[in-house]
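Remember, predicted model here, so these are calculated numbers, not experimental data. Heavy atoms only: backbone and side chains are in, while hydrogens, waters and symmetry mates are out.
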Amino acid sequence: METMAKQSDKNVVFGLDIGTRSVVGTVGYMEGEIFNVLAQNVQKHETRAMLDGQIHDIGKVGATIRVVKENLEKMTGIELTDVCIAAAGRVLRTVKTNYEEEFTDNREMTQEEIYNLESKAVEKAYQEFLEQNQSDMKFYLVGYSVMHYYLDDYQIANLEGHNAGRVALDLIATFLPDDCVDGLYKACERANLQVANMTLEPIAAMMVAIPPQFRMLNLALVDVGAGTSDICITDDGTITSYGMLPIAGDSITEIIAQHCLVDFNTADQIKIDASHMDTVKYIDIMGLEKTITAKEVAKIIKPLVDKMSKMVTQQIKQLNGNKPVSAVFVVGGGGCVPGYTKALAKEMKIPEERVALRGEEVMKSIRFLDENSDVERDSLMVTPLGICVSFYEQSNNFVFVSFNGQQTKIYDNGKLAIVDAAMQADFPNEDLFPKRGAELRFTVNGQERMVRGEPGESAIITLNGSPADIHTKIHANDIIEVTSSTVGKEGKSELSDVPEFKGTFNISVDGKTIEVPRTAEVNGEVQTGFYDIKSGDDIKILDYETAEQIARLLDIDLTEDTVITVNNEVAGADTPVYENFKVEFKSGKDAVMEYYQNFPDADMVAIEQENEESAYDADGDLDVVENEDGSISINGGENTQKKPAPMPSRRVITRDLHVLVNNEPVTLHGKSDYIFVDIFDVIDFDLSKPNGRSIVTTLNGGTPDYMQAIKEGDKIEVYWK
C-alpha cells in the first residue's frame, strides 16, 4: 500500500466531515480546475458521541474516524496519514457589541485610527463574551464585521477623512473555542492521523457552492444541518461575517414525529423521502402502515418553515448591515424540505430564483471516479467536498507564529496580519499605537479646558528581522518582534497660551491712550503669562488692571509722594482700572499742592478740616504753613500759593466705588457703603416707562436683591425684557 507521500505527484488529499450524526470521508486530488474524487465513505456514530458539532466522547469519535479511514484505504490502496478537517459553524460563538470613543481634539480619522477603533471593539466583544460564558477557555478570533459606523450619533458609511468628535461602531465578532479545536485534533490522533489543514464548515461549503467568480458579490450561504442553521456572508471576495441559529432539520423532524406518531429516526426518513417523492409509506408506533403525501408533509411543517426562514432572514440582515443580500445559497439536509427556499425568498424580499438549493448542479468542477459509489451527490456532500478543496487554497487553517519569543497558535482566515497575532498573544492593544501623555485639565472663568498630551512613538515592529507595521501580512512560522509604543509628554500650557489672556483693553494714562494686557488670577493669586498651568488650576481672567500694575508696565516709579487719580478721583495703588478709565500719576510738591487745593475724593479718605494755621500730612513728613500774606509754604519751600477759603469744620467719611454697568464703567460717589439700588442714581434708566415690560437685573451673573451690598469691580446688568 502506497503512502500519501508517494502520491505526491497527484497531491492526494484526505478530507473528513466530522458531523453530529455521521463522519464523511473523501479522498481525491486536484487536476487543473477539477477535483477528482477517488473514494467516499460514510459512517454513522453508534452513540451520541457528538452533540451540535461538539465532541463529547473523543475515544468513540476517534473509533468512527478509524473505520472511515480503513475503509478508504481499502478502496484506494493508499495509506492515509494526513487529514483535512473542519470546525462546525454551530460551535462558533458570535458576539455583537457597540463601542464608542470621544476625541476632544476633533482629529481627522485615518485608516489607522479606524483600525484602532475596530480593534478596541473586538477586545470589548471578547471581554463581553468571557463575562457571558464565565470560562477560562481559550478562544480564537476567526472574523469580525462592522455593521455600522457613527459620527456624532449619526450613522455614516465611512469615517475616513472626517473630523471626529464622538465616533462609534456596531460590530459582530466571531470566536472559535479552543476545546472544540483540541477535541477534533485529538480524535484524529486516535486514528493515527495528523491534521494537515483545518477550516470552518461554512467556508468549506462556500468552496463548492459559490464559485470564485461569484464571491465578489454580496451573498449569503445557509447550511441547514441537524441542530443549527449556519450562516456566512460574502462580499468583495471574502467572508465578512458568520452567524448561527439553534433551529434546523431536527426541529422539523420533531414536528413530523408528533403528527405521524413515529420515532425520531422514522420521522427523519419521512422528511428526506418527502423532499423527492410524491408519497411516503411508514409504520407508526401502533404497527400500522400509513401513507402521507409530500403536500401533507409540506402543510404540517409550513409554520415551522416560515418561522425558520424569518429567523434566518433577520440574522442575515443583521450580519449584512441591516440590508438584504443579493442572493442566498442553501446547503445541508434541512434545507431540502419543501417550501423552505420560497419562504426564505419571500422574507428576504428578493426573487425566488435568487434563493437556491445547491447540490449536484454546483459540482461541475467535481469528477467522481468511482461510478459504483452509493454516496448521494446532493447538498449533503457540499461541505465534505469543500473540506478537500480548501486544502489547495492554503488558508483557513491554524498556523503557528513566534510572537516576542512565544509560540502562538492562530487561525489563518486568509488575511492574517501582525495585529491579529498580537491580539491572539494577549499583547495589549494600546501598546501597538502611540500613547498620548496625560491631559492637562483646568478651568478658565468657570469653563473647563483641556490640553492634550503629546503622542508618543509607535511600536517598533519587525517581521523575520525586517521592519513592518501592524497591517503587514503574516504566514506560518513567521517571527514577530514588537517593542511597545511609548507615552508622549504630558499636556503643557503657560498662562499666556490661554486665548482670553492674550486680549488687551485701552485706558488713558496721563492723557495718552495706552493698550494694556489683561491679567489673571490662578487659584486666587495674580500670575504672569509665564506661569505654567497645573492640573486643577482655577484661572480667572481679570477685566481690569490695578494702578500699581499699570505703573509697573509703564516703568513709573511709585514713591511716597506720588498721587494717583482714577477718573479724576484720588486712588490707591490697588485701585482697579477698567477699560476706558483715565489714570494719572503725579509726584512731588506739585501733586500735594494740587491735592490740597482741590480736596479730591479718595477711596476711603477721612477729611477733617479746621480753621487752623498749619497742616501736615499723616506721617508728619510734609508741613503746610500759612504765611502772614495769606500764602502757604510746603516744608519751608519757596513755592507758595494762596490757601483756599476756609470751610466749615466737618468730618466726612466717603468712598468712591467703581463698577461696570452694562459693560460701561460707572463711579458712585459720596457714600461709605453702597447697595444695588444706588446705581439708578448714576445711570440713565427711566423706571417710570415699563410699557408692559419687566426689568431684568443681574449682579455678577446672579439675581440680586435691591438692598444687596455691591463692591468694587462688580458686574451689573440692567435692561427691559
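Put simply, the side chain of M348 reaches to within 4.5 Å of the side chain of I316, judged on heavy atoms. Between L159 and I156 the shortest side-chain heavy-atom distance falls below 4.5 Å. Between E31 and R367 there is a side-chain heavy-atom pair separated by less than 4.5 Å. No side-chain heavy atom of T199 sits under 4.5 Å from any side-chain heavy atom of C84. In this structure the side chain of Y29 never reaches within 4.5 angstrom of the side chain of N11, judged on heavy atoms. Put simply, the side chain of P338 does not reach to within 4.5 Å of the side chain of V305, judged on heavy atoms. The shortest distance between side-chain heavy atoms of V399 and I410 falls below 4.5 Å. Using a 4.5 Å heavy-atom threshold, the side chains of I247 and L304 count as touching.
Among all heavy-atom pairs drawn from L16 and G25, the shortest one is CD2-CA, 3.9 Å. Here the shortest heavy-atom pairing between V224 and G249 reads CG1-N, 4.2 Å. Taking all atoms of both residues into account, the shortest heavy-atom contact from L344 to S309 is CD1-O, 3.5 Å. Pairing each heavy atom of L171 with each of V146, the nearest pair is CD1-CG2, 4.1 Å. Smallest separation of non-hydrogen atoms from A173 and A125: CB-CB, 4.1 Å. Q315 and M244 make their closest contact through NE2-N, 3.5 Å (heavy atoms, listed as atom of the first residue, atom of the second, distance).
For the pair T253 (side chain) and N265 (backbone), a donor-acceptor distance under 3.5 Å is absent. R190 places no side-chain N or O within 3.5 Å of a backbone atom of A63 that could act as its donor or acceptor partner. Between the side chain of Q424 and the main chain of Y140, no donor-acceptor pair closer than 3.5 Å is present. No donor-acceptor pair under 3.5 Å is formed between the side chain of D273 and the backbone N or O of H276. In this structure a side-chain-to-backbone donor-acceptor pair under 3.5 Å is missing from T291 to K281. The backbone N or O of T266 lies less than 3.5 Å from no partner atom in the side chain of Y282, so there is not a single donor-acceptor pair. Listed for the N71 side chain is no donor-acceptor partner under 3.5 Å among the backbone atoms of V68. Looking only at distances, no side-chain donor or acceptor of K271 sits under 3.5 Å from a matching main-chain atom of V337.
Once rounded to the nearest 0.5 Å, the distance linking CD1 of I78 with CG of L38 reads 5.5 Å. In this structure, the separation between CD on E73 and CE on M75 is 12.0 Å, given to the nearest 0.5 Å. Distance CE/M308 to CG/D306: 10.5 Å, rounded to 0.5 Å. Here the CG-OG1 distance, from D57 to T64, works out to 9.5 Å after rounding to the nearest 0.5 Å. In this structure, L117 CG and L169 CG are separated by 4.5 Å, a value rounded to the nearest 0.5 Å. For the atom pair Y185 OH and L193 CG, the distance stands at 13.0 Å (nearest 0.5 Å).
In this structure, K473 places its NZ atom where more than 12 heavy-atom neighbours from other residues, nucleotides or ligands lie under 6.0 Å away. Other residues, nucleotides and ligands contribute only 12 or fewer heavy atoms inside 6.0 Å of the NZ atom of K44. The neighbour count for E353 CD, taken as heavy atoms of other residues, nucleotides or ligands under 6.0 Å away, is above 12. The number of heavy-atom neighbours closer than 6.0 Å to NZ of K346, taken from other residues, nucleotides and ligands shown, is 12 or below. Within a 6.0 Å sphere centred on NZ of K409, other residues, nucleotides and ligands contribute more than 12 heavy atoms. By the 6.0 Å contact criterion, CD on Q194 is open, its count of non-hydrogen atoms from other residues, nucleotides or ligands being 12 or less. At most 12 non-hydrogen atoms from other residues, nucleotides or ligands lie less than 6.0 angstrom from CG of D278.
Partners of K299 according to the salt bridge (charged side-chain N to carboxylate O under 4.0 Å, His left out) rule, which considers only residues two or more places apart in sequence or in another chain, do not exist here. Here Y150 pairs with nothing under the ring pair (Phe, Tyr, Trp, His ring centres under 6.0 Å) rule; sequence neighbours left out. Remark: K317 pairs with no residue by the salt bridge (charged side-chain N to carboxylate O under 4.0 Å, His left out) rule, at least two apart or across chains.
Ring geometry for F175 against Y126 counts as tilted: the plane angle lies between 30° and 60°, on a 0 to 90° scale.
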For this session: Starting from the C-alpha separation in whole Å, work towards a yes-or-no answer on side chain to side chain contact (heavy atoms under 4.5 Å, CB included) for V181 and L176.
Result: CA-CA 8 Å; V181 177; L176 182 65; 3.5 Å; yes
For this session: Give the intermediate values and the outcome of side chain to side chain contact (heavy atoms under 4.5 Å, CB included) for residues Y392 and V13.
Result: CA-CA 9 Å; Y392 299 97; V13 63; 3.5 Å; yes
Exercise. Run the side chain to side chain contact (heavy atoms under 4.5 Å, CB included) check on F427 and T408 step by step: do they pass?
Worked result: CA-CA 11 Å; F427 189 82; T408 302; over 6 Å; no
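Of the N and O atoms on the side chains of S326 and N218, not one donor lies less than 3.5 Å from an acceptor on the other residue.
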